[in-house]
Amino acid sequence: MLRQILFRCYYRDFRVIKRRITFRGVEENIAKLHDVLYKNAFDQTCELHDISDELRDNLNKIKETLLAEHEGLFVDLVNDLIRKIDLYGNYFASLDIRQDSRVLRSVHAYCRENKPISSLYPADYDKLSEAEKLNLISFKEATIVYASEPDALIEDTIEVIKEIKGIQKRNGEKACHRFIISNCQQASDILQLIELFLWNGWSKESLTIDFVPLFETVNDLKGAAAIMDTLYSNPFYKAHLASRGNKQDIMLGYSDSTKDGGYLMANWSIFNGKTSLSAISAKHNIQLAFFDGRGGPPARGGGKTHRFYASMGKEIANKNMQLTVQGQTISSQYGSVESAEFNIEQLINAGLTSGLKEKHNILLDPENKALLDEMAEESYKAFVDLREHPLFVSYLEKLSPLKLLSQANISSRPVKRNGGGEMKLEDLRAISFVTAWSMLKQNVPGFYGMGTALRSQEKAGNWDKVVKVYQDSDYLKTIVDNCMMSMSKSDFVITAHLANDKEFGAFWTQLHEEFKLTKEMLLKLSGQPTLMANYPVDKKSIATREKIILPLVLIQHFALEKLQHDQNEKDQHALEKLAVRTVFGIVNAGRNLA
């Protein structure tokens, strides 16, 4: 459908050219273009394949004739269409495919049960060590004879792998050439996926796919460089990368790392991950591009994007910068030509600023790194202790609209991964996790543990060191500024009544105490009298929008409190709808809350 709409746009532009250019010498090329564009735009029975080269050749011949014989008249119209075809080809926008490594392991196991693959692997393959698995992976091409019926998810994954080939034939390679492996934990996750392609219609010589690991959790980020070193050293993968121009995309998950390790540990893990991945890629002469899975709020990697990238330093690869744009960020930053231009300029400036810095990032100095390691570990312990609190999930379930978020049509994914099963933290989607806390006006993922980490350093006599690092490091300043932004959008007064609640009183007090401690320590560290004092315009903007949010939050909490008691079906439905509708308003007024 996207291809057909694109060709209708091409055909619309071409008609302008056809009306204007009626000179001798272009008739044949004009006729060819009309025929092929019309068929691809409107003929449902047209055989689809990538024709961008054919379009470009005909347009270039028209251009040459205009320049040689007709004083270049109307050549600007031809150049405009050539430029669009260069940009959009047959595809308009690339489609990324993404699947969880656990699902892909299940698909690999299913394929191993069938001939002829069943003869290549032992029955206990899944129990083998990583090194043993790597020795057995042989990258043999095969046509599997499926003897048993797979479950729906396995069948879907196999069909997707096959369908990518069809997409590339119809729309060109750029239409769909990246497969992202979520929750990537070992090199075999990538190599086994390559085997799935070779077993389902693909050949080694025409494997026009880029395999993109996604490192999400704190532990995954720590081991990411070792995983990539193993991959870069693997002869088959090394040859595959060479055929792809020695370029490697690596995706980093900001949302899940925060949900896993808390705000400070997540940001510090990503910084260290980027540094080590850049070094190992440079060692193997691989051109690395980081694809950052950033959300809107600071708790999902959002916040001041320009300052974040400008503060990276020359040790982190930045020649190719990719990031996800989600939620209200799409409309608020790219919803008009003017705002889109400004934000794209900011990103380009950030890349240049980071690359031109003569100094290395001072956080990599052994003393400073050790200090941040300690702070991140203290923050991590505090956050993990909170996550493991027996009331953690039930607090969100009962007091926030977490269970109702699936009814909101602004959600890009399910609330949790295990469908209709019991609500478990590990299955909870990061976007739902962060949104639930923002509805409570507590924004816990955006600050929790920071105060504890700073107070710990103060007690250890390291406060002057912390202040010095903060003053010298743009990256640490950005982390602190984004944390302050999260806290500026928090308001514990709204839920203050919970301090006396029999079930959740002590838990709410624990959250509030960490909030107060973090605020105190951040103000002391930054030397600011109030949160975000250095950003008066942003602070005023938040304060203005909070006036819109406050009544919506109160209405939502009223509805949720009523829903904790038995209601008839009509009232139940009305209260749920009321709670969901307030989510829309709070998220939109908050700008980067989801």
Side-chain angles (χ1 to χ4, degrees), residues 96-111 125-127 129-130 133-134 137 151 153-154 156-158 160-161 178-197 209-231 237 248-262 265-267 269-270 272-274 276-277 290-295 299-301 322-324 326 380 383-384 387 412-419 421 423-434 445:
D96 286 344
I97 305 298
R98 177 169 161 178
Q99 187 54 274
D100 192 278
S101 63
R102 290 164 290 191
V103 174
L104 295 173
R105 289 174 208 155
S106 299
V107 178
H108 194 265
Y110 169 73
C111 290
Y125 173 83
D126 287 327
K127 296 179 182 178
S129 67
E130 175 70 356
K133 287 180 181 178
L134 295 177
I137 294 173
D151 68 34
L153 187 53
I154 290 175
D156 177 74
T157 306
I158 292 171
V160 165
I161 289 172
R178 294 205 302 187
F179 200 116
I180 300 166
I181 300 92
S182 302
N183 195 38
C184 187
Q185 297 177 331
Q186 50 204 18
S188 59
D189 287 335
I190 303 281
L191 302 181
Q192 287 174 179
L193 175 59
I194 293 176
E195 285 202 308
L196 292 180
F197 273 78
I209 298 293
D210 298 310
F211 298 95
V212 183
L214 167 52
F215 301 111
E216 300 183 83
T217 66
V218 170
N219 284 332
D220 291 349
L221 287 162
K222 285 180 181 177
I227 290 172
M228 295 313 299
D229 190 25
T230 302
L231 284 171
Y237 194 76
Q248 174 70 58
D249 293 354
I250 295 177
M251 191 172 183
L252 302 176
Y254 287 67
S255 301
D256 281 284
S257 57
T258 305
K259 178 181 150 238
D260 178 54
M265 177 58 93
N267 279 279
S269 297
I270 285 170
N272 285 320
K274 282 194 168 189
S276 57
L277 285 166
F290 286 116
F291 179 19
D292 291 338
R294 293 163 61 89
R300 295 205 301 116
Q322 304 170 28
L323 63 152
T324 51
Q326 303 174 22
Y380 181 62
F383 189 77
V384 170
R387 275 188 10 165
S412 62
R413 301 187 188 117
V415 171
K416 56 192 180 73
R417 290 182 172 89
N418 68 342
M423 185 77 75
K424 295 179 181 177
L425 182 60
E426 57 268 26
D427 294 322
L428 193 59
R429 293 272 185 190
I431 189 170
S432 308
F433 177 73
V434 171

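The first residue in the sequence is number 1, and the count goes up from there.
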S269 and N272: CA distance, side-chain angles, deciding distance, side-chain hydrogen bond (donor to acceptor under 3.5 Å, both in side chains) verdict = CA-CA 5 Å; S269 297; N272 285 320; over 6 Å; no

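Between M251 and R98, some side-chain heavy-atom pair lies under the 4.5 Å cut-off. You'll find the side chain of F383 stays beyond 4.5 Å of the side chain of M265, heavy atoms only. Side-chain contact between I161 and I97 is absent, with no heavy atoms from C-beta onward closer than 4.5 Å. Using a 4.5 Å heavy-atom cutoff, the side chains of T217 and L221 are not in contact. Inter-residue side-chain proximity for L104 and F179 is flagged as met; some heavy-atom pair is nearer than 4.5 Å. Taking 4.5 Å as the limit, every side-chain heavy atom of Q99 sits out of range of all side-chain heavy atoms of S182. In this structure, the side chains of I270 and F215 stay at 4.5 Å or more apart for every pair of heavy atoms. Looking only at side-chain heavy atoms (C-beta outward), V107 and L196 come within less than 4.5 Å of each other.
In terms of heavy-atom proximity, I227 sits nearest to Q185 at CD1-O, 3.3 Å.
Sorted by first and then second residue, the salt bridge (Lys or Arg N to Asp or Glu O under 4.0 Å) pairs involving residues 186-195 (not counting sequence neighbours) are R105-D189.
Of the candidates H108, Q192, K133, Y125 forms a side chain to side chain donor-acceptor pair (under 3.5 Å) with just one, namely Q192.
Salt-bridge check for R178 with D96: passed, with a basic side-chain N closer than 4.0 Å to an acidic carboxylate O.
By the salt bridge (Lys or Arg N to Asp or Glu O under 4.0 Å) test, D292 pairs with K274, sequence neighbours left out.
The line from CG of L214 to CG of N183 is 8.0 Å long, rounded to the nearest 0.5 Å.
If you look at F211 and F197, their ring centroids are closer than 6.0 Å.
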